[in-house]
Amino acid sequence: MRISLIVPCLNEEQAIPIFKQTLDAVFATELPTYEKELIFIDDGSTDNTLQIIKELATNSPDVKFISFSRNFGKEAAIYAGLEAATGDYTAVMDVDLQDPPSLLPEMIRAIEEEGYDCAGTCRVSRSGEPPIRSFFARSFYKLINKISKTQIVDGARDYKLMTRPVVNALISLKEYNRFSKGLYEWVGFRTKWFKYENIERVAGETKWSFFKLFLYSIEGIVAFSTAPLALASIMGVLLSGFSFLSIVILVIRELIWHHSAYGWTSMVCIFCLMGGIILLCLGILGQYLARTYTEVKKRPIYISKERSI
Ligand code: UDP
Ligand code: MG
């Protein structure tokens with residue numbers, strides 16, 4: 001049996017050697033009968049990541065790589081890896097060892113002995129993370145699970161071991177705006193979940209700023225729910241109803257008491273409120289339109305500059 005491991009790397013020169021050592025050790029001691037294929041995706045790194053990967057590739061035949069022409073993002077890297085993977089089972093894994101390779105034997109057992117199609121992982125704690133970030137992350141999962149048919153487990157990681165049919169299903173989804181956590185769920189199949197405590201990065205720094213995570217969460221919502229569009233329509237209907245009622249009341253008041261022209265301040269407030277709501281709804285529409293625009297252009301998900309496979 002061959003296991004392909006897809007490892008996206010962006011400026012990870014310090015983490016790569018440690019990752020390779022740890023993984024070799026796990027395969028040597030716990031999975032000696034399995035053949036491994038390590039696919040490093042250099043996602044437009046500006047440090048020595050590519051050189052280090054190339055050195056590894058010349059020294060060990062199980063290391064392969066794809067190097068992007070620029071930074072296309074982790075999602076694009078995962079897609080490139082899935083396309084290139086030839087293993088019977090394929091896993092996506094971070095290079096910073098936040099996805100423990102020691103779980104692999106158990107994950108393989110879940111597929112081989114218990115008949116699952118995938119073995120997924122999620123973290124049960126968020127230790128070492130700023131509390132405000134944890135709060136927004138939790139709120140995001142609650143929100144997306146309320147408004148979308150695709151249910152995403154809170155804390156689910158991209159680290160997942162998949163059988164060939166699952167990998168093929170994921171490759172067949174060629175959308176440009178990719179949100180892997182959602183795509184994993186969307187394709188279905190039976191998943192056994194493995195929970196573990198959060199582990200801090202072994203070396204280097206996280207590539208996700210709060211703002212990047214915020215944009216990523218919008219990506220997830222827009223890709224897997226049209227509820228915000230419905231919200232825009234509902235707000236429109238409610239406000240139109242309210243305005244219609246107000247008009248009726250004001251006309252009656254004018255007919256009976258003849259003094260409808262007061263309340264300049266309240267008028268301004270209402271104008272501002274309406275303006276705000278209209279812009280909000282336009283913004284929501286814009287998010288979907290922008291995604292549609294990038295999809296119809298049908299640009300490739302990534303461009304590789306150099307590859308060994
Ligand atoms: N990564 C990538 N492209 C990016 C951002 C991140 O390939 O644009 C890789 C990164 O090298 C790492 C993995 O994705 O192997 C997860 O990134 P990171 O550890 O920074 O995220 P975190 O674990 O903090 O969520
Ligand atoms: Mg990490």
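Every number for a ligand or one of its atoms is a count from 1 in the order of the listing.
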In this structure, atom 16 (C) of ligand 1 is nearest to the protein heavy atom Asp94 OD2, 3.1 Å

Please report the shortest heavy-atom distance between Ala85 and Ile39, naming the atom on each side. CA-CD1, 3.6 Å

Does Glu205 reach ligand 1 with a nitrogen or oxygen that is under 3.5 Å from one of the ligand's nitrogen or oxygen atoms? no

Can you tell me if an N/O/S atom from Gln98 lies under 2.8 Å from the Mg ion (ligand 2)? yes

Decide whether a cation-pi geometry holds between Lys212 and Phe214; the criteria are a distance under 6.0 Å from NZ or CZ to the six-membered ring centre and an angle within 45° of the ring axis. no

Got the closest protein heavy atom to atom 2 (C) of ligand 1, with its distance? Asp43 OD2, 3.5 Å

Say whether Leu10, considering both its backbone and side-chain N or O atoms, lies within less than 3.5 Å of an N or O atom on ligand 1. yes

If you have a sec, work out which protein heavy atom is nearest atom 12 (C) of ligand 1 and how many Å separate them, to one decimal? Glu12 OE2, 3.4 Å

Please state which part of Val7 comes within less than 4.0 Å of ligand 1, counting heavy atoms only: side chain, backbone, both or neither. neither

Mind telling me whether Phe210 and Phe136 have parallel, tilted or perpendicular rings, with 30° and 60° as the class edges? perpendicular

Tyr302 and Glu75 side chains, donor-acceptor separation under 3.5 Å: no

Got the closest protein heavy atom to atom 8 (O) of ligand 1, with its distance? Asn71 ND2, 3.2 Å

Considering only non-hydrogen protein atoms, determine which one is nearest to atom 17 (O) of ligand 1 and report residue, atom name and distance to 0.1 Å. Trp208 NE1, 3.6 Å

Can Arg70 be said to sit on top of Phe72's aromatic six-ring, NZ or CZ under 6.0 Å from centre and within 45° of the ring axis? yes

Closest protein heavy atom (residue, atom, distance) for atom 19 (O) of ligand 1: Asp96 OD2, 2.6 Å

Which residue holds the protein heavy atom closest to atom 23 (O) of ligand 1, what is that atom called, and what is the gap in Å? Gln98 OE1, 2.6 Å

Are the side chains of Ile199 and Leu97 in contact, using a 4.5 Å heavy-atom criterion? no

Can an N, O or S atom be found in Asp96 less than 2.8 Å away from the Mg ion (ligand 2)? yes

Ligand 1 versus Pro8, non-hydrogen atoms closer than 4.0 Å: side chain, backbone, both, neither? both

Atom 20 (O) of ligand 1 has as its nearest protein heavy atom Lys207 N, 2.6 Å

When you compare the side chain of Leu229 with that of Tyr288, does any pair of heavy atoms fall below 4.5 Å? yes

Which label fits Phe140 and Phe179: parallel for a plane angle under 30°, tilted from 30 to 60°, or perpendicular past 60°? perpendicular

Report the relative orientation of the aromatic rings in Phe40 and Phe19; use parallel for angles under 30°, tilted for 30 to 60°, perpendicular for over 60°. perpendicular

